[in-house]
Amino acid sequence: MFRIKTFNRIASRGLEAFPAARYELGPDVKRPHALLLRSQKLHGAAIEPELLAVARAGAGVNNIPVADYGRQGVVVFNTPGANANAVKELVAAGLLLSSRNILGGMNYVQTLQGITDPQQLAQKLEQEKKRFAGGEVAGKTLGVVGLGAIGSLVANMALELGMRVAGFDPAISVESAWRLPSRVEKMDSLDALLAASDFISLHVPAIPQTQHLLNAESLQKTRRGARLLNFAREEIVDPRAVIAALDQGQLAAYVSDFPLPELLGREDVLLLPHIGASTVEAEENCAVMAADQLMDFLDNGNIVNSVNFPQTRMRRNGGFRITFTNDNVPRVLGAVLSILADHDINVLDMVNKSRGDLAYNIIDVETTVSSEILAAIARADGVIRVRVV
Ligand SMILES: NC(=O)c1ccc[n+]([C@@H]2O[C@H](COP(=O)([O-])OP(=O)(O)OC[C@H]3O[C@@H](n4cnc5c(N)ncnc54)[C@H](O)[C@@H]3O)[C@@H](O)[C@H]2O)c1
């Protein structure tokens with residue numbers, strides 16, 4: 001029986017994924033084997049000796065001291081991509097809101113509230129509607145910067161809207177590359193993408209290399225009158241450069257999920273209150289994904305989508321399974337294998353992966369492993385954590 005302590009409001013579909021026969025779950029669980037949380041801050045909280053894993057239902061992990069947990073052999077999971085569809089749909093809205101004067105039109109209609117005669121209302125609308133004319137997105141080019149979980153969905157969505165799509169991602173993962181349709185034109189540089197795009201949508205992580213990726217210099221490379229969408233992170237765009245580009249007509253509109261005081265009050269800036277991932281479905285996806293990853297780790301020792309441990313998976317080969325974490329230094333694996341050999345334990349299959357200072361191993365063995373053998377492995381130089389699963 002595993003004990004899982006929950007924090008915050010985790011979507012019920014995620015909580016229901018844990019079979020009651022094998023998991024004790026709840027906010028008051030004592031001596032937990034795992035923590036399941038959303039925004040709960042773990043900085044400063046003691047790491048209990050029984051703790052094996054932390055699962056964050058969401059992408060960011062700045063509420064968790066990831067390295068400290070790693071040093072204690074505690075695996076931290078997140079749920080990348082679980083909210084990608086939610087963001088993609090809002091980007092679709094952003095494209096349409098920036099190309100048609102939907103907001104201006106809606107606000108205008110509301111100003112006509114005092115009119116009670118339908119004919120008079122129709123006449124007024126007919127007179128004024130040309131003020132709210134816009135352009136279509138079909139046939140225009142969308143440049144997608146960053147073709148990961150969200151960017152690749154955005155590229156597909158834009159193709160379905162009849163747009164041409166140009167993409168730039170110098171470090172695209174194999175998984176994302178598989179998802180990307182061949183009709184997405186791969187650009188060699190950001191500048192080439194900016195020069196080719198009527199709309200530009202940003203989907204890169206906020207890392208030092210992407211800080212103010214869109215700045216005074218790069219914004220001069222866009223087509224005149226391009227529309228820029230930022231549903232990634234505030235830091236990726238220099239707001240002062242955007243305002244200057246809007247004032248010069250270099251940009252026609254800026255749509256962002258990250259309002260800043262200097263961006264308020266402009267008709268050519270459309271701001272949303274960071275609601276890219278705020279859908280019922282995204283919360284459910286995150287919770288279910290966190291639950292599945294946690295169970296696969298607790299039950300099988302597999303690690304998928306960890307932020308401090310290497311991705312390590314192995315199908316069960318019958319027999320019994322040992323997993324252990326060690327310092328990423330030579331000879332630890334050899335020492336563990338000799339302990340097994342000294343006890344006549346035959347290895348059926350094994351996998352050994354490393355990430356930074358940590359290494360993680362899954363070893364399937366033919367016969368059961370006694371607590372004495374486990375204790376001997378735990379004492380081996382460099383071993384941080386060992387368990388039988
Ligand atoms: N608005 C919201 O509420 C919301 C919700 C979820 C995610 N996000 C943000 O969306 C962004 C993308 O998320 P994701 O899940 O798709 O991430 P991801 O890791 O799946 O994809 C990011 C991609 O960007 C690429 N990349 C990195 N540096 C680049 C550069 N300089 N130029 C071009 N490509 C580069 C990477 O190779 C990767 O393929 C992140 O910034 C994330 O924080 C926002």
Side-chain angles (χ1 to χ4, degrees), residues 38-39 56-63 77-95 97 142-158 165-180 184-197 200-215 217-218 221 228-238 254-260 263 270-287 289-290 304-307 311:
R38 278 156 54 103
S39 54
R56 152 108 167 94
V61 285
N62 50 13
N63 53 326
F77 295 94
N78 70 344
T79 59
N83 49 25
N85 191 67
V87 180
K88 175 204 84 178
E89 290 190 5
L90 208 61
V91 173
L95 279 174
L97 286 167
L142 172 69
V144 183
V145 186
L147 295 162
I150 299 172
S152 55
L153 290 186
V154 166
N156 272 295
M157 171 274 292
V165 179
F168 173 63
D169 188 333
I172 189 167
S173 70
V174 175
E175 216 170 297
S176 297
W178 273 106
R179 272 199 304 263
L180 214 59
V184 174
E185 193 183 347
K186 282 90 187 164
M187 308 306 280
D188 294 331
S189 65
L190 177 64
D191 285 358
L193 177 138
L194 296 177
S197 307
I200 300 141
S201 196
L202 305 174
H203 301 290
V204 295
I207 49 177
Q209 298 89 307
T210 59
Q211 164 91 13
H212 287 186
L213 190 65
L214 274 287
N215 53 37
E217 199 189 332
S218 54
K221 311 277 170 49
L228 176 64
L229 287 79
N230 180 10
F231 287 87
R233 281 288 174 262
E234 175 189 317
E235 302 88 310
I236 295 159
V237 172
D238 176 355
Y254 178 54
V255 187
S256 173
D257 210 9
F258 310 98
L260 285 169
L263 294 169
L270 302 171
L271 297 169
L272 295 163
H274 195 180
I275 52 172
S278 300
T279 66
V280 178
E281 292 83 355
E283 284 183 15
E284 283 185 356
N285 290 345
C286 287
M289 197 166 158
V304 176
N305 290 330
S306 167
V307 290
Q311 181 109 333

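Atoms within each ligand, like the ligands themselves, are counted from 1 in listed order. Note that this is a predicted model, so its numbers are computed, not measured.
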Quiz question for you: does at least one protein heavy atom lie closer than 4.0 Å to atom 19 (O) of ligand 1? no

Looking only at protein heavy atoms, which one is nearest to [atom], and what is the separation?
atom                    : answer
atom 5 (C) of ligand 1  : Val87 CG2, 3.4 Å
atom 17 (O) of ligand 1 : Ala149 N, 4.5 Å
atom 21 (O) of ligand 1 : Gly148 CA, 3.2 Å
atom 37 (O) of ligand 1 : Asp169 OD1, 2.7 Å
atom 9 (C) of ligand 1  : Ala232 O, 3.4 Å
atom 16 (O) of ligand 1 : Ile150 N, 2.8 Å
atom 1 (N) of ligand 1  : Asp257 OD2, 2.9 Å
atom 40 (C) of ligand 1 : Val204 O, 3.5 Å

Can a donor-acceptor pair be found, under 3.5 Å and without considering hydrogens, that links the side chain of [X] to the backbone of [Y]?
X      : Y      : answer
Ser152 : Leu180 : no
Asp257 : His274 : yes
Thr79  : Gly58  : yes
Glu185 : Val165 : no
Asn83  : Ala277 : no

Should you measure from each heavy atom of [X], which atoms of ligand 1 turn up under 4.0 Å away?
X      : result
Gly276 : 1 (N), 2 (C), 3 (O)
Ala171 : 37 (O)
Asn83  : 6 (C)
Pro170 : 32 (N), 33 (C), 34 (N)
Arg233 : 41 (O), 43 (O), 44 (C)

For Phe231 and Leu272, which heavy atoms make the closest approach, and how far apart are they?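 Closest pair (atom of Phe231, atom of Leu272, distance): CE2-CD1, 3.7 Å.
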
Heavy-atom closest pair, residues Gly143 and Ser197: CA-OG, 3.2 Å

Should Ala59 be listed as contacting ligand 1, given a heavy-atom distance under 4.0 Å as the test?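 The answer is no: ligand 1 sits nowhere under 4.0 Å from a heavy atom of Ala59.
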
More than 12 heavy atoms of other residues, nucleotides or ligands under 6.0 Å from CD of Glu175: is that the case?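 At most 12 heavy atoms, drawn from other residues, nucleotides or ligands, come within 6.0 Å of this atom.
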
Kindly check if the number of other-residue, nucleotide or ligand heavy atoms within 6.0 Å of CD (Gln311) is above 12?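 Enclosed.
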
I want to know if ligand 1 touches Ile236 in the polar sense, i.e. an N/O pair below 3.5 angstrom. no

Quick check: Ile207 and ligand 1, any N/O pair under 3.5 Å apart? no

Does the side chain of Asn85 come under 3.5 Å of the side chain of Glu89 through a donor N or O and an acceptor N or O?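 Yes, Glu89 and Asn85 have a side-chain donor paired with an acceptor closer than 3.5 Å.
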
Give the single entry among His203, Gln209, His274 that approaches atom 22 (C) of ligand 1 most closely by any heavy atom.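 Looking at heavy atoms only, the winner is His203.
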
With a 4.5 Å heavy-atom cut-off, do Ser218 and Leu213 have their side chains touching? no

